[in-house]
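The structure under discussion appears below in the form of structure tokens.
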2 protein chains.
Amino acid sequence: MSEAESTVGERMKARSSNRVTIRDVARHAGVSKSTVSRVLNDKGYASSDTVERVQRAIEELNYVPQATARGLASQRNGALGLLVNDLSTLTIPPLLSGIDSMIQEEDYNLLIAAAGHQASRSVPLGAHNTDGLLVYADSVTDEQLRRFYEAEFPVVLMHRHPPEGVDIPSVNIENRQSTRELISHLIEEHGYRRIAFLRGPDHQEDSREREESYVETLRAHDISVDPTLIELGGFSEVISRQAVEDWLSEGIEPDAIFAGDDGGAMGAIKAIRQAGLRVPEDIAVVGFDDDRYAEYGNPSLTTVHVPLEQVGREAVKRLMRLVREGAAESTVLPTSVVIRRSCGCQYPEMPG
Amino acid sequence: MSEAESTVGERMKARSSNRVTIRDVARHAGVSKSTVSRVLNDKGYASSDTVERVQRAIEELNYVPQATARGLASQRNGALGLLVNDLSTLTIPPLLSGIDSMIQEEDYNLLIAAAGHQASRSVPLGAHNTDGLLVYADSVTDEQLRRFYEAEFPVVLMHRHPPEGVDIPSVNIENRQSTRELISHLIEEHGYRRIAFLRGPDHQEDSREREESYVETLRAHDISVDPTLIELGGFSEVISRQAVEDWLSEGIEPDAIFAGDDGGAMGAIKAIRQAGLRVPEDIAVVGFDDDRYAEYGNPSLTTVHVPLEQVGREAVKRLMRLVREGAAESTVLPTSVVIRRSCGCQYPEMPG
DNA sequence: TTGAAAGCGCTAACAT
DNA sequence: ATGTTAGCGCTTTCAA
């Protein structure tokens, strides 16, 4: 019996389910499943006549190949995964936007999961449901990363370097240079000397690099580093605000505060104003990220612009290369200081 | 031959692939695949002894069931889809966060796709790769919605009502009442009478409802509606800014501007300040959404708080019910006016 | 250029 | 309580 024909039993079966399968298309076009598959995937030979018949059948039946079946047969999932710590962050939208646009171009799907604060738990995304993973910062542990690496599962890191001995490509941003420029600006242009720092979470590389560069820059200007002026801001508005409130209530009043991220800067500003002080007249505040609201802050925020959308796109590009060619290179994207009002400068676009 | 045993050929095959399958687990535990499957899915009976052996085998072999195979066999995808217009919006993070947390609780995966501005194109998510869809606002057309409905494919709408004759559950927010309160506040507390409106995209229901309520509230206060004071803001900072610039350059100077969303409010503020005018002294501005930066705006933004995280969670809950029980109810979540500085009030927390 | 057949890794009757 | 058997809907050799 030819596959292109059908028995009564088959017909009834086909009728009983309203799901259109490749067999229905084959039957409708008068060809075999294999031929339909070839047309679908543009693989192997097919006479233009056949191609057209099959495509018409697909249209007429409104056929869409089922992902699970296709995946099982071809041993690929057709999806890329994204792991982040926290989806509610403001840095997420541009990142997502970049990732999604690139992934759609590549005809893959995007599977997302937030690791929450238990980066130790088992990862919900992996070889069982994706063909590769984008890992943001410390959303998975070194150990888990190592396992992916040993299993030769394609992973690209964002805002993080691979641990020792693990050769995973990464897309990072330049933290040190812009931090140096930013802190130098505070010292040289504004004459601040008591500059505080609000650290990010302990395991965030971005935060560590920013802190190191902050320390180096102070030293380069012969300013001794005062440990009481370094507190945990946790890349969080709430924690940062509390830290600054604590300083102020203890009578510690820096000239300026370098918050590890813009959210922290907002928390700092809130604390300062609540204490009846002014930003930047009494205490200047600068951040990092250039979140969407940085420009609209009160006052507008001097910060460092991070090309997050580009980070997303570059990461996907690299992951695709890794999936297809087995290798990809790392990169570090440039950042740039954005001077606005909160450091004490006159931000041009904002009169009043 | 029992399934629990193995031939040399099978062993070699198992060795040749480094992927651990259910057969490996079965062999390792000395049981059949079915038993492993039962333990895996907690279905049917199994002696506690067997359960333990199987679980140990799973641990030891580091086995994770393959999503495609499981999906094909069980006729489900194990994933829920989310369709939005634009991933780069600020309303996205809380929404995503709510959706993701709920979805992880339900042990599903989250597949995301931005429709871009071609809501007309074919939808990348559907029955072929998900078990149900969350549709945000106008990210798909009425026609596409109708097709899903006719195919009895589970869909839950967010920030949108189903078209006529299509009974799809939705999670919406209260737009009219809070708009009425907001506009009444501008009129009654501040005495504004020339109040402009920046409309959202044409097909956004939120925007239409806000506009209707805006018009009604003006009329209720015996204020005639001036069509020149209604312009397209497109729920976009850039478009809104341009619209306000146009007004000002034409000498049109409202007492207050009601932007359809917070992004638009920011654009309006920018335009006003650039024209050398002050907010709220010369022109007041209010928004809608209560985005993360609304409180930090310059001045802080009077707006309407929208419980986006809850919208996400409620939508997932309803979609799960729809998937499992075939039905779910719609709901409308309450919103609340948040008075800050941009309307002309004294916002308590911000001295200086 | 096309069709037949095998099989991807799992679940789900149905036996027993 | 557990094993056997049949697929799920595709892709992919292999023949023809």
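Within every chain, numbering begins at 1; the chains are lettered A, B, ... in the order of the sequence lines, protein sequences first and strands thereafter.
Put simply, CD1 on Ile22(B) is 14 Å from P on dC8(C), counting in whole angstrom units. Atom pair Lys33(B):NZ and dG3(D):P shows a separation of 12 Å (rounding to whole Å applied). Nucleotide dC10(D) holds its P atom 13 Å from the CG atom of Asn129(B), rounded to whole Å. As rounded to whole Å, 12 Å separates atom P of dC8(D) from atom CG of Asp24(A). Look at CZ on Arg76(A): it is 17 Å from C1' on dG9(C), rounded to the nearest Å. Taking atom CG on Asn77(B) and atom P on dC10(D), their separation rounds to 12 Å, with Å as the unit. Between Arg23(A) atom CZ and dA4(C) atom C1' the separation is 13 Å, expressed in whole Å. Taking atom CG on Asp42(B) and atom P on dA1(D), their separation rounds to 13 Å, with Å as the unit.
For Ser34(A) and dA4(C), a side-chain-to-base donor-acceptor distance below 3.5 Å is present, hydrogens and geometry of angles not being considered.
Note that Arg19(B) lies outside the cation-pi zone of Tyr63(B), set by a 6.0 Å cut-off to the ring centre and a 45° limit from the axis.
Considering only heavy atoms from C-beta on, Glu150(A) comes within 4.5 Å of Arg146(A) through its side chain.
Contact check on Glu106(A) versus Lys317(A) returns no salt bridge, with no Lys/Arg side-chain nitrogen under 4.0 Å from an Asp/Glu carboxylate oxygen.
Using a 3.5 Å distance cut-off with no hydrogens or angles, the side chains of Asn129(B) and Arg70(A) do not pair a donor with an acceptor. Judged by distance alone, the side chains of Ser47(B) and Asp49(B) never bring a donor and an acceptor atom under 3.5 Å apart.
Between Lys43(B) and Ala69(B), the residue whose closest nucleotide on DNA chain C is further toward the 5' end is Ala69(B). Map Arg38(B) and Leu72(B) each onto its nearest nucleotide of DNA chain C; the residue landing nearer the 5' end is Leu72(B).
In this structure, Arg70(A) reaches the dT11(D) phosphate: one of its side-chain N or O atoms is under 4.0 Å from OP1 or OP2. In this model, the phosphate group of dG9(C) is not approached by any side-chain N or O of Thr21(B) to a distance below 4.0 Å at OP1 or OP2. The phosphate of dT11(D) has neither OP1 nor OP2 within less than 4.0 Å of any side-chain N or O from Ser74(A). Proximity of Ser37(B) to the phosphate of dT11(C): a side-chain N or O atom is located under 4.0 Å from OP1 or OP2. An OP1 or OP2 oxygen of dT16(C) is reached within less than 4.0 angstrom by no side-chain nitrogen or oxygen of Tyr45(B). Not one side-chain nitrogen or oxygen of Thr35(B) sits closer than 4.0 Å to the OP1 or OP2 atom of dA1(D).
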Exercise. Based on Watson-Crick and G-U pairs with both distances under 3.5 Å, what dot-bracket line describes DNA chain C 5' to 3', crossing pairs as [ ] and inter-strand pairs as |?
Worked result: ||||||||||||||||
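Residue contacts for Thr50(A): at a heavy-atom cut-off of 4.0 Å it reaches the sugar-phosphate backbone alone, with no base atom in range.
Closest to the Gln75(A) side chain, of the nucleotides dA1(D), dT2(C), dC8(C), is dC8(C).
Nearest approach of Pro93(B) to Pro93(A), heavy atoms of both residues: CG-CG, 3.5 Å. Summarising the geometry of Asp131(B) relative to Val323(B), their closest heavy-atom pair is O-CG2, 3.5 Å, with the distance given to 0.1 Å.
A side-chain donor-acceptor contact under 3.5 Å links Asn77(A) to the backbone of Ala127(A).
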